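Have a look at the structure below, then the notes.
Since we're looking at a predicted model, the values are computed, not measured.
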Amino acid sequence: MTERAQTAPGRRTLLGAAVLGTAALGLPATANAAGPGGRGGRHGSYRDLPVPTVIGHRGASGYRPEHTLGSYQLALDMGAHIVEQDLVPTKDGHLVCRHENDITGTTDVADHPEFASRRTTKQVDGVSLTGWFTEDFTLAELKTLRAKERIPGTRQENTLYDGRWQIPTFEEVLRWADEQGRERGEPVWLYVETKHPSYFRGLGLGLEEPLARLLRRHGRHRADSPLILQSFEPSSVQRLAKLVSTPRVVLLSGPKERPWDFVEAGDPRTVADLVKPAGLTWIASFAQGIGPTLDLVVPKDAAGRLTTPTALVADAHARGLVLHPYTLRNENSFLPADFRRGTDPNAYGDAFGALRTYFEAGIDGIFSDNPDTALLAAADFAQD
């Protein structure tokens, strides 16, 4: 037996535990594992979603290459309450699902000699990146590529699926969600992020207007639509608020960081300012929630162990904001030090223990690469 097998449950073990755990609760494997009203809570307002809400981060990216229809489908089949997409544009203005516009690590573009000359260096939100970028490709060109696992050293099993799926357009995802909703008899919730919106607006490839058009086309532009919009740039959320009534969330990174639109506008505020009561009151004037890093909810000490929760949950709730922090992953390398097991950074640690700690802090939901694990943890938490 390998050290991984000795020190931590494997993926199949955790997946089986999630299926067996929900069955033991009298729920089907893909049913809602938390919150009042069962999966029927998917109908209506975002406030009717189960709590804790489990959001499939880039789909079920712990098991399939991220932002592929295979990853989205698996997250939905596992029972994720919402499935996430990140949006970037193509050269000809189509919105496609990639976590970054740099597709060097998530596609086989480097294996295409016809695109060798497209490799370039760019400044994206103040960071120098060298690779291939979606805005330099037409949609037809991107469709000749295939997706692959972003972190193959950590998720070697996922490489089995390299080359299986194309880069999906957001319109294709909307059609997929509509079809799945009809088959399941309930809407499929989506969580949609605008990536680097100021950068793309500067290129003449603004994200918000084409996104709003697609939302209206698919009837997801209303306040009770089964979709949540999100961005690290508050001005993008404000712009979307003028275009559609779909619920909106402001993402919040490290406390010392500034949203890139603040940098461009000369706004001196940092994330630390935005999580103060005055900052949250400002966010609540145009958004319905926040998506903070988990460290903003429960900080870590110098050794990487969890400390005492901050006042963020109470302060946000006092202003009517929901909290959907990011991101919980099962591997030791991504977990707080007190929940790691063994010495293999790629082995699974005590993800259930970590999830319980964050749920006890009062969050409304969580982004997870492993929706099955988060669902079972939510079910356990709801039974207490």
Side-chain angles (χ1 to χ4, degrees), residues 58-59 61 64-73 83-125 127-150 161-179 190 192-218 220 227 229-233 236 239-240 243-244 260:
R58 311 177 197 176
S61 55
R64 300 290 187 273
E66 65 189 35
H67 288 312
T68 59
L69 287 176
S71 184
Y72 298 155
Q73 185 68 55
V83 182
E84 186 202 29
Q85 295 77 45
D86 296 320
L87 302 185
V88 294
T90 65
K91 183 178 182 179
D92 47 350
H94 294 274
L95 298 181
V96 295
C97 301
R98 292 286 89 186
H99 180 250
E100 293 293 341
N101 52 324
D102 180 358
I103 55 174
T104 308
T106 61
T107 72
D108 63 356
V109 63
D111 298 330
H112 286 252
E114 68 273 23
F115 298 136
S117 64
R118 307 281 179 93
R119 189 172 185 268
T120 188
T121 298
K122 299 190 178 194
Q123 290 282 326
V124 181
D125 293 1
V127 178
S128 179
L129 300 171
T130 298
W132 288 265
F133 299 84
T134 60
E135 64 267 27
D136 296 330
F137 291 78
T138 66
L139 178 59
E141 289 172 332
L142 281 184
K143 283 295 186 179
T144 67
L145 308 180
R146 292 295 182 272
K148 68 177 186 179
E149 173 56 35
R150 179 177 59 88
Y161 304 97
D162 285 357
R164 191 169 186 89
W165 293 288
Q166 296 178 328
I167 297 175
T169 67
F170 183 53
E171 188 162 22
E172 288 170 341
V173 172
L174 287 168
R175 289 199 297 266
W176 166 81
D178 290 345
E179 292 167 1
L190 304 177
V192 182
E193 180 182 348
T194 57
K195 299 292 297 190
H196 310 298
S198 293
Y199 167 80
F200 287 121
R201 182 163 295 279
L203 297 179
L205 292 170
L207 301 173
E208 295 86 1
E209 290 78 9
L211 172 55
R213 286 195 294 271
L214 286 171
L215 295 179
R216 287 192 292 269
R217 188 180 305 165
H218 287 262
R220 291 176 180 256
L227 189 143
L229 296 165
Q230 57 178 335
S231 183
F232 280 100
E233 295 189 20
S236 181
R239 186 179 293 272
L240 286 165
L243 297 171
V244 293
W260 186 251

Practice problem: With sequence neighbours excluded, tell me which residues meet side-chain contact (heavy atoms from CB on, under 4.5 Å) with Lys148. | Solution: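 Listed in chain order: Asp162.
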
Quiz prompt | Steps toward side-chain contact (heavy atoms from CB on, under 4.5 Å) verdict (Glu84, Glu66) | solution = CA-CA 10 Å; Glu84 186 202 29; Glu66 65 189 35; over 6 Å; no

Atom pair [atom1]/[atom2] of [X] and [Y] - distance to nearest 0.5 Å:
{"X": "Ser71", "Y": "Trp165", "atom1": "OG", "atom2": "CH2", "answer": "8.0 Å"}
{"X": "His94", "Y": "Phe170", "atom1": "NE2", "atom2": "CZ", "answer": "15.0 Å"}
{"X": "Leu142", "Y": "Thr169", "atom1": "CG", "atom2": "OG1", "answer": "11.0 Å"}
{"X": "Leu129", "Y": "Thr120", "atom1": "CG", "atom2": "OG1", "answer": "11.0 Å"}
{"X": "Leu243", "Y": "Leu215", "atom1": "CG", "atom2": "CG", "answer": "9.5 Å"}
{"X": "Leu87", "Y": "Arg98", "atom1": "CG", "atom2": "CZ", "answer": "11.5 Å"}

Quiz item: Residues two or more places apart in sequence or in another chain: which of them pass ring-ring contact (aromatic ring centres under 6.0 Å, His included) with Phe115?
Solution: His112, Phe137

Quiz item: Between Leu227 and His218, is a side-chain contact (heavy atoms from CB on, under 4.5 Å) present by the stated rule, with each step listed?
Solution: CA-CA 11 Å; Leu227 189 143; His218 287 262; over 6 Å; no

Looking only at heavy atoms, which two atoms of [X] and [Y] are closest? And how far apart?
{"X": "Thr104", "Y": "Gly131", "result": "OG1-CA, 3.1 Å"}
{"X": "Val244", "Y": "Ala212", "result": "CG1-CB, 3.8 Å"}
{"X": "Tyr72", "Y": "Pro168", "result": "CE1-CG, 4.3 Å"}
{"X": "Leu95", "Y": "Pro210", "result": "CD1-C, 4.1 Å"}
{"X": "Val109", "Y": "Ile103", "result": "CG1-O, 3.9 Å"}
{"X": "Leu207", "Y": "Pro197", "result": "CD1-CA, 4.0 Å"}

Exercise. Using the side-chain contact (heavy atoms from CB on, under 4.5 Å) rule, take Val173 and Val83 through it: C-alpha gap first, then chi angles, then the decisive distance, then the call.
Key: CA-CA 10 Å; Val173 172; Val83 182; over 6 Å; no

Quiz item: Are any of the side-chain heavy atoms of Leu214 and Leu174 separated by less than 4.5 Å?
Solution: yes

Short side-chain to backbone donor-acceptor contact, [X] and [Y], under 3.5 Å:
{"X": "Arg150", "Y": "His99", "answer": "no"}
{"X": "Glu233", "Y": "Ser198", "answer": "yes"}
{"X": "Thr134", "Y": "Thr90", "answer": "no"}

Quiz prompt | Under the salt bridge (Lys or Arg N to Asp or Glu O under 4.0 Å) test, residues paired with Lys91 that sit two or more places apart | solution =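 Per chain and number, Lys91 pairs via salt bridge (Lys or Arg N to Asp or Glu O under 4.0 Å) with no residue.
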
Exercise. Could you list the residues that satisfy salt bridge (Lys or Arg N to Asp or Glu O under 4.0 Å) with Glu149, not counting sequence neighbours?
Key: none

Practice problem: Show the numbers, then the answer: is there a side-chain contact (heavy atoms from CB on, under 4.5 Å) between Tyr161 and Thr68? | Solution: CA-CA 10 Å; Tyr161 304 97; Thr68 59; over 6 Å; no

Quiz item: In terms of ring plane angle, is the pair His196 and Tyr199 parallel, tilted or perpendicular, where the classes change at 30° and 60°?
Solution: perpendicular

Self-check item: Within 6.0 angstrom of Arg164 CZ, more than 12 heavy atoms from elsewhere
Solution: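 Counting neighbours around CZ of Arg164, 12 or fewer heavy atoms of other residues, nucleotides or ligands fall under 6.0 Å, so no.
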
Self-check item: Pairing of Asp125 and Lys195 as salt bridge, 4.0 angstrom limit
Solution: no

Quiz prompt | Electrostatic pair Glu193:Arg58 at N-O distance under 4.0 angstrom | solution = no

Exercise. Show your reasoning for whether salt bridge (Lys or Arg N to Asp or Glu O under 4.0 Å) applies to Arg213 and Glu171.
Key: CA-CA 10 Å; Arg213 286 195 294 271; Glu171 188 162 22; over 6 Å; no

Exercise. Output every pair passing salt bridge (Lys or Arg N to Asp or Glu O under 4.0 Å) with a member in residues 133-146, not counting sequence neighbours, ordered by first then second residue.
Key: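 Matches after skipping sequence neighbours: Arg118-Glu141, Lys122-Glu135, Lys122-Asp136, Lys143-Glu172.
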
Practice problem: Under the side-chain hydrogen bond (donor to acceptor under 3.5 Å, both in side chains) rule, collect the residues that match up with Arg119, sequence neighbours excluded. | Solution: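 By the side-chain hydrogen bond (donor to acceptor under 3.5 Å, both in side chains) rule, Arg119 matches no residue at all.
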
